[in-house]
Amino acid sequence: MNVASVIVDVPAMQTDRTYDYSIPDEWKGSIVPGMRVVVPFGPRKIQGFVIELKEKGEVSKLKSIVEPMDLIPVLNKELLALGSWLTEKTLCFKISAFQAMLPAAMKAKYEKFLRLEEGRNPGELHLSLQRFFQDGKEVSWNAIEESGMLTLVHKEVKNGSVEVIYRVKAKGNKKTVRKLYLNVPIDQVDEVKDGLPPQASKQKQIIEYMLDAAPGGDGILASALTEVMATTSSTIKSLVHKGILVEKNVEVYRDPFENKTFEKTFPLSLTSQQEEAIRPILSTIDQEEHHTFLLYGVTGSGKTEIYLQSIQRVLEEGKEAIVLVPEISLTPQMVHRFKGRFGDDVAVLHSGLSVGEKYDEWRKIQRKEVKVVVGARSAVFAPFENIGIIIIDEEHETSYKQEENPRYHARDVAIYRGEFHQCPVILGSATPSLESFARSSKGVYGLLTLDKRMNDGPLPSVDIVDMREELRKGNRSMFSTNLFEKLQGRLEKGEQTVLFLNRRGHSSFIMCRDCGFVLQCPNCDISLTYHRFSNGMKCHYCGYEEGVPSTCPECTSEHIRYFGTGTQKVEEELTKLLPDARIIRMDVDTTSRKGSHEKLLTAFGEGKADILLGTQMIAKGLDFPNITLVGVLSADTMLHLPDFRAAEKTFQLLTQVSGRAGRHTLPGEVVIQTYTPEHYSIELASNHDYNRFYQQEMMMRKMGSYPPFYYITLITLSHEDLMKVVDISEKMTAFIRSKLSDTTIILGPVASPIPRIKNRYRYQCLIKYKREPNLGSTLKTVLDQFQQQYASQGLTISIDVNPYMMM
DNA sequence: AGCACGCCGACT
DNA sequence: GTCGGCGTGCTC
């Protein structure tokens with residue numbers, strides 16, 4: 001095996017294939033598939049993944065691999081195959097699929113240097129370049145670029161005076177600490193000590209301390225030693241110099257949970273309903289079969305305990321478990337439950353960790369130092385090799401769908417891996433996605449139901465308040481009389497309230513009260529939103545920013561003001577109405593700092609505030625006994641989005657939020673304010689009636705030919721020139737239409753809901769199909785031909801199979 | 001994606 | 001004549 005097939009780190013259509021390289025003798029046998037390597041590619045050096053080994057290359061003259069980047073492959077057989085599967089299913093580049101499966105730290109960084117060619121001296125160079133190349137040092141390309149001397153350098157490179165060096169750097173560094181070890185056998189320590197000069201008292205003390213603190217030959221942190229002994233590094237240095245101590249750099253894991261202890265918890269006894277639900281899971285584990293279960297359990301019905309005990313069984317069989325939770329609910333509370341039960345066997349992967357921390361957690365998984373991983377979407381790629389169960393909590397959450405390439409859904413990946421490992425996949429939710437519930441009704445998934453709350457407590461009572469009615473009665477505030485009175489009541493009783501603001505589609509844009517003018521982004525067809533932090537108007541999509549106008553640019557009226565309700569505005573009004581209330585606000589602004597999310601929640605849990613006011617992020621995981629009132633300020637903002645899942649999302653969110661109230665002994669109340677109280681998603685959420693919502697929504701989906709009745713694929717084209725997108729979109733749609741069967745519905749091309757982003761016009765085509773064996777190859781052709789043909793002209797095509805964002 | 005190569009217009 | 005603009009095509 002002398003040749004390696006490599007996928008190179010160039011995400012482009014033309015390079016989305018393997019390139020063959022010969023393996024230098026010194027690496028023969030150690031370079032294996034799944035390993036990252038540095039390879040020459042054209043004049044550069046870049047990262048690549050070895051896919052397979054073979055005897056001969058496809059072309060006659062092969063370049064050699066420069067060096068491997070790993071000792072052990074980062075992708076095993078299963079993950080390599082999963083990569084190809086992802087590529088095929090999501091139509092992404094192979095390199096993107098591989099990179100999505102690995103922590104960001106493993107993505108290479110590239111650097112470009114210049115160096116004086118051997119045997120030349122600076123004097124031969126152009127005068128203004130000489131200062132850069134003084135003592136044979138490398139000069140970074142950037143430095144030359146900034147000084148505007150690139151053309152001069154180009155010449156020098158051409159005539160052979162200067163050499164360009166390309167270097168691949170690993171992004172993730174292992175963290176190391178300097179440790180000191182006693183380098184003398186115990187029985188000779190006294191001898192050595194006596195051999196020291198009499199004035200070296202500090203050195204003797206250090207030796208004694210080392211004996212004492214690290215008897216078994218364990219090292220001591222160099223930093224700790226200097227601190228404890230109140231000594232300087234020079235003393236230590238001289239001991240090292242004499243060979244009495246040795247210094248080693250030891251790899252350590254960064255510990256995101258440093259200074260935290262997790263109280264050990266033990267399996268709770270299950271209710272009869274839980275027993276019934278867990279039985280099929282356990283038997284699937286025992287039989288080593290693959291089966292997907294939908295665990296449909298109302299809030300507070302004890303789904304987590306089922307997860308925990310299923311994992312327990314898996315661990316007893318010597319296998320591993322993956323638990324996915326939505327990013328937003330990957331709260332310390334959640335982590336506690338798993339760390340509390342399984343202790344150090346748990347690795348945690350979520351976006352709050354630094355690149356280095358994620359890298360460390362990933363390596364713990366790879367080295368089999370943990371048995372359970374709890375994490376967000378990408379944790380589904382955890383490099384375990386003997387998986388016994390995969391659990392997806394809050395299965396309906398849209399954050400399981402990645403909105404950039406590869407546009408995969410964690411649920412699909414989980415089921416792929418479940419089949420590979422012949423293990424169960426558990427999808428848990430109180431409000432399952434229509435897709436999953438439909439599959440369980442058809443028997444594709446096993447349905448496990450928990451419809452009783454563990455404490456047998458009643459579900460909270462829900463009031464729907466018609467805000468139009470409030471307006472008619474002359475109440476122009478954002479709080480209805482009903483909600484306000486209840487709020488006051490809680491304050492008097494010392495109970496807590498959660499106020500939920502659905503920010504989406506409701507953020508603070510600016511509107512002129514006289515002419516209706518709304519301030520828009522000049523580059524994107526979307527309104528600018530007010531950001532208090534920078535006191536400016538900002539675009540969500542391109543980052544454009546401008547000042548807040550004091551008069552309307554259209555009619556010069558001064559009645560231009562914020563519209564919609566941001567959390568800050570609610571807070572202001574709240575302080576005005578209830579000056580004594582202590583309020584904690586949770587939104588992007590107050591939780592952007594690391595750990596602030598947790599701090600605010602803890603404070604609220606400890607009763608340091610009466611009202612918790614926040615956005616989406618408080619809808620989940622909150623479980624405090626003293627919360628007896630939940631208010632939803634405007635339930636219907638999401639309903640008006642151009643998304644066939646709008647009703648489903650609204651229902652899920654309202655159900656979720658309502659579940660925050662009265663989870664323990666005190667009964668809970670929920671007030672939902674809305675302008676469309678008659679909408680079935682709001683009405684049925686208030687009755688906690690998932691089944692009727694499912695029926696109703698299925699009817700709507702059937703009428704609209706949407707999932708789960710049809711699969712959909714969304715193609716979006718964008719280009720600077722409106723005429724061009726329209727033209728190409730039409731040609732493309734005609735081509736697709738000619739290739740697919742006539743039972744398939746093809747909508748468009750039409751302008752996207754956001755017709756322009758970053759000055760690029762966007763057109764889309766929606767394909768709805770039940771069975772379409774030609775779809776994959778047709779779409780590949782579209783990418784191949786149209787992209788190839790128009791990419792140079794600045795056209796981009798994005799294909800989303802099973803989209804969750806229709807914008 | 002980069003980067004080189006190559007073919008045309010504007011300059012010392 | 002040559003410098004440098006960008007369109008074209010290749011990278012094992």
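Everything numeric here is computed off the predicted structure, so don't read it as measured data.
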- Item | Length of the line joining A/I46:CD1 and B/dG2:C1', which is rounded to integer Å | 9 Å
- For the pair A/R760 (side chain) and A/S718 (backbone), establish whether a donor and an acceptor sit closer than 3.5 Å, ignoring hydrogens and angles. yes
Could you list all N or O pairs between the protein and nucleotides 10-12 of chain C that sit under 3.5 Å apart?
residue	atom	partner	partner atom	Å
C/dC10	N4	A/Q14	OE1	3.3
C/dT11	O3'	A/G42	N	3.0
C/dC12	OP1	A/Y21	OH	3.4
C/dC12	OP1	A/P40	O	3.2
C/dC12	OP2	A/K63	NZ	2.5
C/dC12	O3'	A/D20	O	2.7
C/dC12	O3'	A/K63	N	2.7
C/dC12	O2	A/D20	N	2.8
C/dC12	N4	A/R17	NH2	2.7

- Message: Please classify the nucleic acid contact of A/K112 as base, sugar-phosphate, or nothing, using heavy-atom distances under 4.0 Å.
- Response: sugar-phosphate
- Task: Find the distance A/E145:CD to B/dC3:P and express it as a whole number of Å.
- Result: 10 Å
- Message: How many whole angstroms separate atom CG of A/D16 from atom C1' of B/dG2?
- Response: 17 Å
- Message: I'd like to check the side chain to side chain donor-acceptor pair (under 3.5 Å) partners of A/K368; sequence neighbours left out, ordered by chain and number.
- Response: A/E385
- Query: Tell me: CD1 of A/I7 to C1' of B/dA1, nearest whole Å?
  - Reply: 15 Å
- Is the shortest side-chain N/O distance from A/Y166 to OP1 or OP2 of B/dC3 below 4.0 Å? yes
- Message: Under a 3.5 Å distance rule, please check whether A/R36 uses its side chain to pair with a backbone N or O of A/M106 as donor and acceptor.
- Response: yes
- Query: Could you state the interatomic distance from CG (A/D800) to CD (A/E403), rounded to the nearest 0.5 Å?
  - Reply: 6.0 Å
- Item | Close side-chain approach of A/Y804 and A/D643, heavy atoms under 4.5 Å | no
- Query: Rounding to a whole Å, what distance do you find between A/R167:CZ and B/dG2:P?
  - Reply: 18 Å
- Backbone N/O of A/Y400 and side chain of A/R411: donor-acceptor pair under 3.5 Å: no
- Query: Would you say C/dC3 has OP1 or OP2 under 4.0 Å from some side-chain N or O of A/K155?
  - Reply: no
- Item | Interatomic distance where CD belongs to A/Q47 and C1' belongs to B/dG2 [whole Å] | 16 Å
- Note on the structure: Quick note, ring pair (Phe, Tyr, Trp, His ring centres under 6.0 Å) partners involving residues 119-151 of chain A, not counting sequence neighbours, are none
- What is the distance, rounded to the nearest whole Å, between atom CG of A/L150 and atom C1' of C/dC3? 16 Å
- Message: Could you tell me how far apart A/F93 (CZ) and B/dA1 (P) are, to the nearest whole angstrom?
- Response: 7 Å
